[in-house]
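Right, one structure below, let's go through it.
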Amino acid sequence: MLPALMPTYARADLAFERGDGAWLTSTDGRRYLDFGAGIATSSLGHAHPHLIAAIAEQAARVMHVSNLYRVPQAERLAERLVAASFADSVFFCNSGAEANEGMIKMVRRAMAETGQPQRYRVICFDGAFHGRTLAMLSATGNPKYLAGFGPPVDGFDHVPFGNMNAVRNAITPETAGILVEPIQGEGGVRPAPDFFLRDLRAACDEFGLFLVLDEVQCGMGRTGKLFAHEHAGIVPDAISVAKGIAGGFPMGAILAREVLAKHLPPGSHGTTFGGNPLACAAANAVLDVLLAPGFLDQVADRGRVLKDGLVELTQSMPQVFVGVRGIGLMLGLVCAVPNTELQAACVAEGLLTVAAGENVLRLLPPLIVTPEDIAEALARLRRAALRCAPGADLAAAK
Ligand SMILES: *Cc1c(COP(=O)(O)O)cnc(C)c1O
């Protein structure tokens with residue numbers, strides 16, 4: 001019989017009752033170290049006192065009023081995001097797909113409003129993931145996700161990730177912009193080289209295109225900078241963020257420069273829940289933590305410690321691991337055994353991780369992860385790897 005909860009996910013047979021920092025406790029009382037963070041979403045970990053207080057206080061006052069009225073919490077959040085970024089203006093919504101969808105609408109509309117309505121196509125990349133709405137499935141372009149859902153939405157062209165010649169060849173008089181993840185997440189934690197992002201910016205300037213970035217997974221402090229594109233030193237025209245922005249409360253946002261944002265006047269785009277007082281209170285609380293002096297540097301440091309440990313592990317166990325990639329606390333282990341097998345072994349050792357494309361196992365701990373948590377995760381990962389390939393530990397054998 002069909003379960004009441006629609007079976008759209010291949011769920012692990014695990015349920016959690018409570019959490020604390022980087023730890024989760026299952027309903028059967030086992031403790032797990034959460035290095036998946038709900039897919040890079042529980043940015044402050046579990047039961048963070050500041051986030052709890054902000055949500056509880058706001059919930060007791062008013063949760064939702066609609067965008068028919070001013071929302072002071074949203075105004076404050078937008079001002080803070082603008083002050084901390086390249087952006088001039090921010091639109092709030094409820095998910096990553098919705099943020100990307102709005103960002104592409106903005107790109108198309110800006111072209112139409114400046115007398116170039118024929119320019120509506122967007123160049124995207126192989127291995128991308130932009131969400132599950134009809135248009136974002138098309139932007140994602142993965143045949144596996146598109147199958148059975150009818151004709152893909154028109155207007156998205158795909159080229160190999162990192163290939164500038166292919167990008168330039170794909171630009172036509174109908175091209176409006178380029179959409180790229182600075183670090184592909186679902187695609188297997190594949191960072192775009194800094195020079196590639198800079199070359200994309202240059203090509204967009206040369207051809208009058210908008211460069212828009214999907215930072216849904218890599219943004220909001222995940223890489224040790226507030227936004228991942230800061231590592232390359234480029235200025236995008238807009239970015240989408242979601243996942244970690246409100247620490248687990250559902251929220252998305254588009255941060256845009258004026259050249260784009262001014263083309264969405266009243267009535268041109270909208271959403272009922274987006275930027276409501278409760279979501280904005282949660283996101284403001286997350287920003288309090290991320291923008292506290294030294295916090296993002298600490299994320300970068302913890303990322304280095306974790307990556308160093310992973311490099312050591314991969315070198316000592318070549319039968320299990322091929323290598324490590326990623327930036328900050330967005331790291332991927334390229335596996336020599338099936339990633340899902342290693343993921344299951346990690347669960348057996350009490351460590352939660354997330355599988356990704358190219359046989360990668362993602363490690364995305366909460367940004368508040370401690371050095372002790374990292375040491376414990378590395379120990380559990382080594383034991384998990386030994387479950388997959390008994391006797392594979394070169395370091396221990398020496
Ligand atoms: C998760 C993700 C999305 C989709 O976000 P939803 O909130 O699931 O709609 C889009 N882009 C990237 C890079 C993501 O990681």
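Note that this is a predicted model, so its numbers are computed, not measured. When a ligand or atom number is given, it counts from 1 through the structure's own listing order.
Classified by interplanar angle (parallel below 30°, tilted 30° to 60°, perpendicular above 60°), the ring pair Phe91/His269 is tilted.
Residue pairs meeting the ring-ring contact (aromatic ring centres under 6.0 Å, His included) criterion with at least one member in residues 48-69, sequence neighbours excluded: His64-Phe273. Sorted by first and then second residue, the side-chain hydrogen bond (donor to acceptor under 3.5 Å, both in side chains) pairs with a member in residues 228-237 read Arg201-Asp237, Glu215-His229, Thr223-His231, Asp237-Arg257; sequence neighbours excluded. Under the salt bridge (Lys or Arg N to Asp or Glu O under 4.0 Å) criterion, the residue pairs touching residues 321-337 are Arg325-Glu358, with sequence neighbours excluded.
In this structure, the side chain of Glu341 does not engage the main chain of Cys388 through any donor-acceptor pair within 3.5 Å.
Taking the six-membered ring where the residue is Trp, the centroids of Tyr32 and Phe16 are separated by under 6.0 Å.
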Are any protein N/O atoms closer than 3.5 Å to the N/O atoms of ligand 1? If there are, list each pair with names and the distance to one decimal place.
{"unit_1": "ligand 1", "atom_1": "7 (O)", "unit_2": "Gly96", "atom_2": "N", "d": "2.8"}
{"unit_1": "ligand 1", "atom_1": "9 (O)", "unit_2": "Gly96", "atom_2": "N", "d": "3.4"}
{"unit_1": "ligand 1", "atom_1": "9 (O)", "unit_2": "Ala97", "atom_2": "N", "d": "2.8"}
{"unit_1": "ligand 1", "atom_1": "11 (N)", "unit_2": "Phe129", "atom_2": "O", "d": "3.1"}
{"unit_1": "ligand 1", "atom_1": "11 (N)", "unit_2": "Asp214", "atom_2": "OD1", "d": "3.3"}
{"unit_1": "ligand 1", "atom_1": "11 (N)", "unit_2": "Asp214", "atom_2": "OD2", "d": "2.7"}
{"unit_1": "ligand 1", "atom_1": "15 (O)", "unit_2": "Gln217", "atom_2": "NE2", "d": "2.7"}
{"unit_1": "ligand 1", "atom_1": "15 (O)", "unit_2": "Lys243", "atom_2": "NZ", "d": "2.6"}

